[in-house]
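Take a look at the structure below.
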Amino acid sequence: MKTTDDQTRVPPASPGPGGDATGVRPGAATRADVRSTLGHLRTEVDGRRFALKLALCALLTGIGAVLATRPHLAARVPGVILLGCMFAHAAELQHQTLHRLGFRGQRANRWAGVLLGLPMLISFSAYRATHLRHHRDLGTPANREFFDYGDQYGTDRPRSRTRVARDWLVRFSMLHHYGMFLADVGRALRGADHPGETATTSRRIRHEHLLIVATLVALTAVSALVGSALVGWLWLAPLLVAGPVHAMVELPEHFRCETLNEDPFANTRTIRSNRLMTWYTNGNNFHVEHHLMPNLPIERLPDLHQQVRHRLLHFHPSYVDFFRTLVRR
């Protein structure tokens with residue numbers, strides 16, 4: 001198999017404004033073709049497997065919390081790093097619940113998703129609404145993502161070194177996300193609707209932001225009562241780790257791909273990586289495959305990869321290879 005990244009290739013002939021001669025949009029045609037030929041890969045959602053993922057995440061988070069509250073920095077620093085990594089991993093698990101692929105029941109997915117997003121200040125309902133539109137609109141100017149990194153896809157070039165440094169700082173600090181969280185908390189406290197969302201979704205977004213704030217206040221109160229900076233070591237400091245880690249996981253998905261092309265093979269990237277990273281990213285490294293079949297159970301994405309890998313246009317064998325290539329350009 002020979003696959004390259006951002007290679008020069010002859011673009012297909014342009015279809016009419018609405019798609020090809022039949023009026024079918026090319027991205028939809030590609031997805032329909034894959035689903036019709038590989039639909040047998042779709043299986044029932046396995047809630048027990050997802051429960052095991054949650055249990056492992058909870059165990060590692062607990063270990064991180066124990067270490068982060070030890071009196072010596074030699075234990076606290078690794079604990080904070082582990083907590084931050086688990087916060088970012090929880091966001092990857094939350095992504096599975098957005099598509100209702102964690103458990104079979106809608107309510108179970110929602111509440112699992114709410115709790116998984118809490119450490120990184122992510123509203124499940126806001127993330128889900130935006131993310132499903134991202135799947136619908138990717139390849140068009142209407143596409144927007146929940147996590148805004150400024151120069152989202154690396155298309156704003158050429159730039160000065162100062163601006164490049166600023167953009168990367170904004171991306172890896174996730175300043176836009178935390179700023180939007182504060183703005184949404186303000187809306188929740190005022191009882192205001194979320195722009196562009198239905199009344200039901202807006203209500204859920206408000207409730208989820210208030211839950212996050214209440215949890216933060218409660219942990220702050222406990223910290224004050226016991227005379228310890230628990231909220232700092234268990235939440236705020238790990239966020240400084242979680243932001244860059246999460247940004248690094250998300251960066252390769254569409255960065256410098258053809259994001260105004262509706263074909264998932266053109267607008268998305270797959271990274272094969274290893275079993276550890278596939279577990280940590282919860283299968284999001286197989287991102288072309290996920291966009292081809294968004295409702296395919298996460299555990300079946302490697303199987304889909306085997307079927308479509310010869311068609312991948314943006315591909316790397318590992319995250320190290322992706323970032324090495326990125327730095328050299």
Thr201: side chain to side chain donor-acceptor pair (under 3.5 Å) partners, not counting sequence neighbours: Thr198
With sequence neighbours excluded, residues passing side chain to side chain donor-acceptor pair (under 3.5 Å) with Asp321: His316
List, one per line, each side-chain donor-acceptor pair under 3.5 Å for residues 227-245, sequence neighbours excluded.
| residue | atom | partner | partner atom | Å |
| --- | --- | --- | --- | --- |
| Trp235 | NE1 | Pro119 | O | 2.8 |

With salt bridge (Lys or Arg N to Asp or Glu O under 4.0 Å) as the rule and sequence neighbours excluded, what pairs involving [range] come up?
range: residues 227-251; result: none
range: residues 49-69; result: Lys53-Glu299
range: residues 98-124; result: Arg110-Glu208
range: residues 179-200; result: Arg133-Glu197, Asp184-Arg187, Asp193-Arg206

Is there a donor-acceptor pair closer than 3.5 Å between any side-chain N or O of [X] and the backbone N or O of [Y]?
X: Thr37; Y: Val34; answer: yes
X: Glu262; Y: Gly139; answer: no
X: Thr97; Y: Gly102; answer: no
X: His291; Y: Leu138; answer: no
X: Asn109; Y: Gly105; answer: yes
X: Arg269; Y: Ala266; answer: no
X: Thr130; Y: Tyr127; answer: no

Residue pair Thr200, Arg204: steps toward the side chain to side chain contact (heavy atoms under 4.5 Å, CB included) verdict: CA-CA 6 Å; Thr200 298; Arg204 289 176 174 175; 4.0 Å; yes
State plainly whether one hydrophobic cluster holds both [X] and [Y], where clusters connect Ile, Leu, Val, Met, Phe, Trp and Tyr through side-chain heavy atoms under 4.5 angstrom apart.
X: Val217; Y: Ile212; value: yes
X: Leu67; Y: Leu59; value: yes
X: Leu182; Y: Leu189; value: yes
X: Met180; Y: Phe172; value: no

Sole residue of Asn285, Leu312, Leu292 in side chain to side chain contact (heavy atoms under 4.5 Å, CB included) with His305: Leu312
Within 6.0 Å of [atom1] in [X], more than 12 heavy atoms from elsewhere:
X: Gln106; atom1: CD; value: no
X: His40; atom1: NE2; value: yes
X: Trp111; atom1: CH2; value: no

When the side chains of residues 81-88 are checked against the rest of the protein, which donor-acceptor pairs come out under 3.5 Å, sequence neighbours left out?
none

Trace of the ring pair (Phe, Tyr, Trp, His ring centres under 6.0 Å) decision for His131 with Phe146: CA-CA 6 Å; His131 185 69; Phe146 179 75; 9.3 Å; no
Proximity of His177 and His246 rings by center, below 6.0 Å: no
Centroid-centroid under 6.0 Å between His254 and His314 rings: no
Could you identify which residues cluster with [X], counting Ile, Leu, Val, Met, Phe, Trp and Tyr as linked when any side-chain heavy atoms lie under 4.5 Å apart, either directly or through a chain of such contacts?
X: Leu225; result: none
X: Leu169; result: none
X: Phe103; result: Phe50, Leu54, Leu93, Leu116

Side-chain donor-acceptor pair present, His194, His209, cut-off under 3.5 Å: no
Interatomic spacing from CD in Glu289 to CD in Gln307 - rounded to 0.5 Å: 11.0 Å
Leu211 side, atom CG; Leu216 side, atom CG - distance, nearest 0.5 Å: 11.0 Å
Nearest non-hydrogen partners of Pro141 and Arg144, listed with the distance: O-NH1, 2.9 Å
Heavy-atom pair of closest approach, residues Pro252 and Tyr319: CG-CE2, 3.9 Å
Contact list for residues 73-94, test side chain to side chain donor-acceptor pair (under 3.5 Å), sequence neighbours left out: Glu92-Asn284
